[in-house]
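Data block below; observations after.
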There are 4 protein chains.
Amino acid sequence: MPRPRFAALDERKRVAILDAAAEEFAHRSFEAASTNRIIARAGVSKGALYYYFDDKADLFATVIESAIGRAERAIGGMASFVDAAGFWAALLDLYRRITTFFAGEPNLAGLLKSAFDDAGVGEIVGLHTARLLAAFRDLLGRGVAVGAVRDDLPLELLARVAFAVGDATDRWLLERWDSLEPGEFEAYPERALLLHMRVLAPIELAEKWERQETAS
Amino acid sequence: MPRPRFAALDERKRVAILDAAAEEFAHRSFEAASTNRIIARAGVSKGALYYYFDDKADLFATVIESAIGRAERAIGGMASFVDAAGFWAALLDLYRRITTFFAGEPNLAGLLKSAFDDAGVGEIVGLHTARLLAAFRDLLGRGVAVGAVRDDLPLELLARVAFAVGDATDRWLLERWDSLEPGEFEAYPERALLLHMRVLAPIELAEKWERQETAS
Amino acid sequence: MPRPRFAALDERKRVAILDAAAEEFAHRSFEAASTNRIIARAGVSKGALYYYFDDKADLFATVIESAIGRAERAIGGMASFVDAAGFWAALLDLYRRITTFFAGEPNLAGLLKSAFDDAGVGEIVGLHTARLLAAFRDLLGRGVAVGAVRDDLPLELLARVAFAVGDATDRWLLERWDSLEPGEFEAYPERALLLHMRVLAPIELAEKWERQETAS
Amino acid sequence: MPRPRFAALDERKRVAILDAAAEEFAHRSFEAASTNRIIARAGVSKGALYYYFDDKADLFATVIESAIGRAERAIGGMASFVDAAGFWAALLDLYRRITTFFAGEPNLAGLLKSAFDDAGVGEIVGLHTARLLAAFRDLLGRGVAVGAVRDDLPLELLARVAFAVGDATDRWLLERWDSLEPGEFEAYPERALLLHMRVLAPIELAEKWERQETAS
DNA sequence: TATGAATGAGATTTCATTCAT
DNA sequence: GATGAATGAAATCTCATTCAT
């Protein structure tokens, strides 16, 4: 946990440190990241970093927490639903918000990747990633209750696979970012959702849904 | 590229270096990996490393190439096929071999992860991973030709997503390795294949296949 | 010298600072001691230390002075005497008080050690330790006057040796502190005194005294 | 333990490192000593030190071991003896050699001091100091056997006190080094021995011996 | 009167790489 | 052909001290 002073720090400087650290941790593993580069980019002294944080791990955890926190607040939760169709509609809506947010935070994806890579090692970071996974697992559990999500595979596995699918499609999109045709980005969440349905929904539901989709 | 001398090197020593490096690169990112630890583990001299390799990156690329090469030779290609059912049967067979091989090479998964992480940075490593992806993309292309694989999404995207799904299920399995019930590991390729079908096959095919599967 | 403000400081805080510093300086040399650890333990601000003290050396000198001062006040001086027997009886009495006081101040021994180590370097601390030595030297001089202390060796040397003997026996006792049998601690001053007599007294006196002691 | 390479190192450089380290450790506690100062004084690179030693503690232990080893080899053991007079004659002879050796190695005393201070903390250094103490304790044990050493106090305590007395007299002498009158240094071992007899011998023996000494 | 934010120097240790032999 | 001695830069982190408020 960062020392309380950090919260009281001048907004500009606080953001400068977190941004510089996010930039660094988004592009390098925790081990390979350099506090020297971070302070150089943030424009703070060597001592300052250790005045606000216990150590490198503390800074890392803080950056991850901040990123996840901002994401959660910005994206918000999933709308309530009472049947399978409602579940998938709500999930589509959620995906839209997620996509929009990630598009405006280029470091977020890399940051989450570093976080999940380090989750098995760093205790604090592990808690954050576990919480994120648990939230999604719960979501899937509620999907099962209304028949929107298959019940023949462990929720934990489904959650992990869904995360991976989302990550892979994100990256694919990101690499083509500059050569996207107009409208392609807007269509993305829907296409991503269909992929997720394939993985998560009972097969008949996915089949029915996709048939309708194609017809329209 | 490692100097030609490396190929002529005593088998035992060559393997020792590659094994030690694989162990290191499997657990740490390229940047965070330490050549010091590698030579210590391999029991070779400092100079030896730089006598056989240009630098750390060269060693990394060689390790990746070697790992991928060994995997390809051990796993072999996919059997030929003439229709959709044949494609999936052949793919199942391929998965079985892949799973078996990965189970015997605990470093392989971590190594591939490091390789893909670094692919965007290191030129050589990028080529290897690109080749792997291309091979799988071609496979999918042949699947499309016989109607086994959907044609409504770019093959590149499908390949990436399939890799991600495979990776996620692998990891999930790996974490439960010690608490697996007997028979569970043997059943794994089939379950994994079903997940892949969901993503890769035309939806009607996936639905039909799964219905049969459940019936049996 | 600490700023005058320090004397006017709230009792609780003044003691907190001195105690924390004593704890630190008792376990580490002056150079290795950390003002950061001191203020952390004392619960005072960084600035406070430098508001009350010139620098680390000033704090050290103050701690030493305070410790020595408290010891002197608590232990008191040696009773007056008119002959050799009186001298040694008075010294035994003094040792009893010293032992009792040291037993209740676990930091004192370590503190004095740090003080003597630093005495050659730090000017102020050197004065305090010199004063302590001088007091004991004077004591020995009065012992010489009544024939209780040998006159064939320089008083300065005798004082130093006596200090060393006391320190060694103290440490020896301290290490066995937890495994002491009942009564052993109470008997300690007398045994220590006999050792000191051996060193300090004319040999005939020491011999006579010990013969009586053994007889009783 | 220093890496084997260190033993194979060029004599001049090996000595330069050990001397520089001895100089530093003789004047500062282990914690306060600076490897930076050591390499600066030795004229070796920063990496070199860690090429030869595991860490600071390893260097310290090596310096201590080297110093003790050289001292032991140079001073040699105590001559054999069959009665009390022989014991003290042999000890006097030993003291002479010790004094001579210490006089030529100005760092030795400070080094031993640092070693004993750190003995409770550093494992390796603890072994060396313990060995030294044990050797002296054994010596005293043999003295007890021939009636040269008192048997009414624990040997461990006697050894510690004797060390302390020796150290105090050494220091006292050292401080007066430059103002010593001719012959004073040569007379030192005898005076020191008398002090040790006072502490270590049965009182009658010490008394008899000193009476003779004075008569002569 | 009192604070705590801030810092640059310096601590120990590891790094990838070079080069004389 | 092969080595290991050697290095300076960089790593993370702590230091005693200053100063604006």
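Letters go in sequence order (proteins before strands), and every chain restarts at 1.
- C/L49 comes within 4.0 angstrom of no nucleic acid atom, judged by non-hydrogen atoms across all strands.
- As a whole-Å value, the separation of C/R14 CZ from E/dT1 P is 16 Å.
- Residue contacts for B/K46: at a heavy-atom cut-off of 4.0 Å it reaches a base atom on one of the strands shown.
- Counting non-hydrogen atoms under 4.0 angstrom, D/A8 reaches nothing in the nucleic acid.
- Using a 30° and 60° split on the angle between ring planes, A/F25 and A/F60 fall in the tilted class, from 30° to 60°.
- Put simply, the side chain of B/K13 never gets that close to the backbone of B/A42: no donor and acceptor are under 3.5 Å apart.
- Across all strands shown, E/dT3 is found opposite F/dA20 as a Watson-Crick or G-U wobble partner, with both distances under 3.5 Å.
- Residues C/R37 and C/E23 are not paired through a salt bridge, judged by the lack of any N-O separation under 4.0 Å between the basic side chain and the carboxylate.
- Ranked by how close their nearest DNA chain E nucleotide is to the 5' end, B/K56 and A/R5 are led by A/R5.
- If you find the closest nucleotide of DNA chain F to A/D55 and to B/K13, the one lying nearer the 5' end belongs to B/K13.
- The distance between atom CD1 of A/I38 and atom C1' of F/dA11, rounded to the nearest whole Å, is 13 Å.
- In this structure F/dC15 sits in a base pair with E/dG8, meeting the Watson-Crick or G-U test at under 3.5 Å.
- Following rounding to the nearest Å, A/D58 (CG) and F/dT12 (P) show an atom-to-atom distance of 14 Å.
- For the pair D/F60 CZ and E/dT12 C1', the interatomic distance rounds to 16 Å; values are reported in whole Å.
- Residue C/Y50 places no side-chain N or O under 4.0 Å from the OP1 or OP2 atom of E/dT3.
- If you measure from atom CZ of C/F6 to atom P of E/dA2, you get 12 Å, rounded to the nearest angstrom.
- In this structure, E/dT13 and F/dA10 make a Watson-Crick or G-U wobble pair, each of the two defining distances being under 3.5 angstrom.
- Closest to the side chain of D/A48, from the set E/dT12, F/dA11, F/dT7, is F/dT7.
- Going from atom CD of B/E31 over to atom C1' of F/dA10 covers 13 Å, rounded to whole Å.
- For the pair B/F6/B/L18, a side-chain contact is recorded, criterion being any heavy-atom separation below 4.5 Å from C-beta on.
- Along DNA chain F, the nucleotide nearest to A/R37 and the one nearest to C/A57 differ in position, and the one closer to the 5' end is contacted by A/R37.
- Within the structure, a side-chain polar atom (N or O) of C/N36 is placed less than 4.0 Å from OP1 or OP2 of F/dC15.
- Following rounding to the nearest Å, A/D54 (CG) and F/dC13 (P) show an atom-to-atom distance of 10 Å.
- No contact: C/A32 has no heavy atom under 4.0 Å from any strand.
- A straight line from CZ of C/F30 to P of F/dC15 spans 14 Å, rounded to a whole angstrom.
- Here B/F53 lies out of heavy-atom contact (under 4.0 Å) with every strand.
- Contact check, C/S45 against E/dA2: no side-chain N or O comes under 4.0 Å of OP1 or OP2.
- D/Y51 has no side-chain polar atom (N or O) that falls below the 4.0 Å cut-off from OP1 or OP2 of E/dT14.
- A salt bridge is defined here as a Lys NZ or Arg NE, NH1 or NH2 lying under 4.0 Å from an Asp or Glu carboxylate O, and A/D19 with A/R41 fails to meet this definition.
- A salt bridge is absent between A/D10 and A/R14; no separation between the charged side-chain nitrogens and carboxylate oxygens falls under 4.0 Å.
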